[in-house]
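Every chain is numbered from 1 and lettered A, B, ... according to where its sequence line falls, protein lines coming before strand lines.
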There are 2 protein chains.
Amino acid sequence: MNTASADEPRWLSDEEQRTWRAFMHATTLLEDHLDRQLQRDAGMPHIYYGLLVQLVEAPRRRLRMTELAMRAKITRSRLSHAIARLEKNGWVRREDCPSDKRGQFAVLTDEGYAVLERVAPGHVAAVRQALFDRLTPEQQKALGEAMQLIAEGLQPEGAGADLPWLR
Amino acid sequence: MNTASADEPRWLSDEEQRTWRAFMHATTLLEDHLDRQLQRDAGMPHIYYGLLVQLVEAPRRRLRMTELAMRAKITRSRLSHAIARLEKNGWVRREDCPSDKRGQFAVLTDEGYAVLERVAPGHVAAVRQALFDRLTPEQQKALGEAMQLIAEGLQPEGAGADLPWLR
DNA sequence: TCAGAAAGCTTGATACTTCAAGCAAAGCGA
DNA sequence: TCGCTTTGCTTGAAGTATCAAGCTTTCTGA
């Protein structure tokens, strides 16, 4: 009827295996490294730091919860918990959305801004040391392009296609 | 005395920013994707699956805890908890090391092997679809090389340099 | 051969993530 | 304007991660 290869999954070649393992090793080691660095210097994990960064870059240092979740690539649930924690630290505050009573803004506080200011240099240094300092500009470019393609393929369908707040 | 740039951290350029964000987005989306896929099909997170894979590739389907932790790039503590969980599932069993009474082997059981057999095709397919199917061979090669370099830089000093069990 | 240091692994507490379920407000068709 | 669906966000429980502390066994050097 058909050849064996029809049911047999296409296993990874040796070369693909190496690529895939290098990928996993690099990403787990790097995430761990940054998590530790930020936990030590800022008392929060890498992803929480990323939330503060998103906020500081947003107009009026605030973002709707859903929008923030999308930008940070995490679920709303996870974001709710995370913001609750950051709120306890006094680094973020919630504000009601005037035009939609269901809505909430996450707002970066002055304390939050101060933490960012204090911690950002060390974080950038860590990223440089782990990533950019080890790659030639060509390698950086290639890496960025590959990652861009991978991210696009995994993006939830039409993510951010029509957020009302973005007009 | 010195120029401003001496204290001012070297922030990321726009291009570097893009690379770095693509990196983070791709890695978080991919990890989430694989975690969900495996949680759904195998009832375990991606990293636990990786432990089983390490075991199935090892001679006699067993590995010392420390060795396994190193290969999987996780701490011993994390591994202890993980193996405890996998043991509950009946997929792994612990065995005392005869030559070192402190030592433990993690051993893949037949049930564990069966799970792997059942689940591996879907997992490979997911990895292909998310990563390899989207990249040209050149891009794959470049990605692998970059990741290799990054991983090397983050590897704990002389990791695995002298494990007695490896002679 | 013996004391102290190191290795191998585990434990428990606390923090974080995930999932499913839930509530309230907004949108929408009849 | 009424009922139903969708959207926005939160909650609680269960699973997993991390850190520091701990136990036992082995190694080391005097």
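- dA17(D) atom C1' lies 10 Å from atom CG of Asp32(A), rounded to whole Å.
- Atom pair Gln104(B):CD and dT11(C):P shows a separation of 10 Å (rounding to whole Å applied).
- Residues satisfying the ring-ring contact (aromatic ring centres under 6.0 Å, His included) criterion with His123(A), sequence neighbours excluded, are His46(A), Tyr49(A).
- Between the CG atom of Leu86(B) and the C1' atom of dT16(D) there is a distance of 12 Å, rounded to whole Å.
- Within the 4.0 angstrom heavy-atom criterion, no nucleotide atom of any strand lies near Ile74(A).
- For the pair Arg64(A) CZ and dC9(D) C1', the computed distance is 10 Å after rounding to whole Å.
- Contact detail for Val107(A) and Leu55(A): the closest heavy-atom pair is C-CD1, 4.3 Å.
- Using a 4.0 Å heavy-atom cutoff across all strands shown, Arg40(A) reaches no nucleic acid atom at all.
- Counting only heavy atoms from C-beta on, Arg94(B) has its side chain closest to dC9(C) among dC9(C), dC19(C), dC9(D).
- The side-chain tip of Arg61(B) points at the ring of Tyr113(B) from less than 6.0 angstrom away and within 45° of straight on.
- Side-chain contact between Cys97(B) and Gln104(B) is absent, with no heavy-atom pair separated by less than 4.5 Å.
- A residue-by-residue look at Gln39(A) and Pro45(B) shows that Pro45(B) has its nearest nucleotide of DNA chain D further toward the 5' end.
- Atom pair Asp100(B):CG and dA7(C):C1' shows a separation of 8 Å (rounding to whole Å applied).
- Phosphate contact (OP1/OP2 of dT7(D), side-chain N/O of Arg76(A), threshold under 4.0 Å): absent.
- A cation-pi contact, defined as under 6.0 Å to the ring centre and within 45° of the axis, is absent between Arg94(B) and Phe105(B).
- Residue contacts for Tyr48(A): at a heavy-atom cut-off of 4.0 Å it reaches the sugar-phosphate backbone alone, with no base atom in range.
- Taking 4.0 angstrom as the limit, Arg78(B) places a side-chain polar atom (N or O) nearer than this to OP1 or OP2 of dA17(D).
- The interatomic distance linking Asp35(B) (CG) with dC16(C) (C1') rounds to 14 Å, in whole Å.
- The distance from atom CG of Asn89(A) to atom C1' of dC16(C) is 13 Å, rounded to the nearest whole Å.
- Side-chain nitrogen and oxygen atoms of Arg102(A) include none within less than 4.0 Å of the OP1 or OP2 phosphate oxygen of dC23(C).
- Applying the 3.5 Å distance criterion, the base of dG12(C) shares a donor-acceptor pair with the side chain of His81(B).
- Whole-Å rounding puts the Asp96(A) CG to dC9(D) P distance at 11 Å.
- The residue among Gly43(A) and Ser99(A) whose nearest nucleotide of DNA chain C lies closer to the 5′ end is Gly43(A).
- In terms of position along DNA chain D, the nucleotide closest to Arg85(B) lies nearer the 5' end than the nucleotide closest to the other residue of the pair Arg85(B) and Ser77(B).
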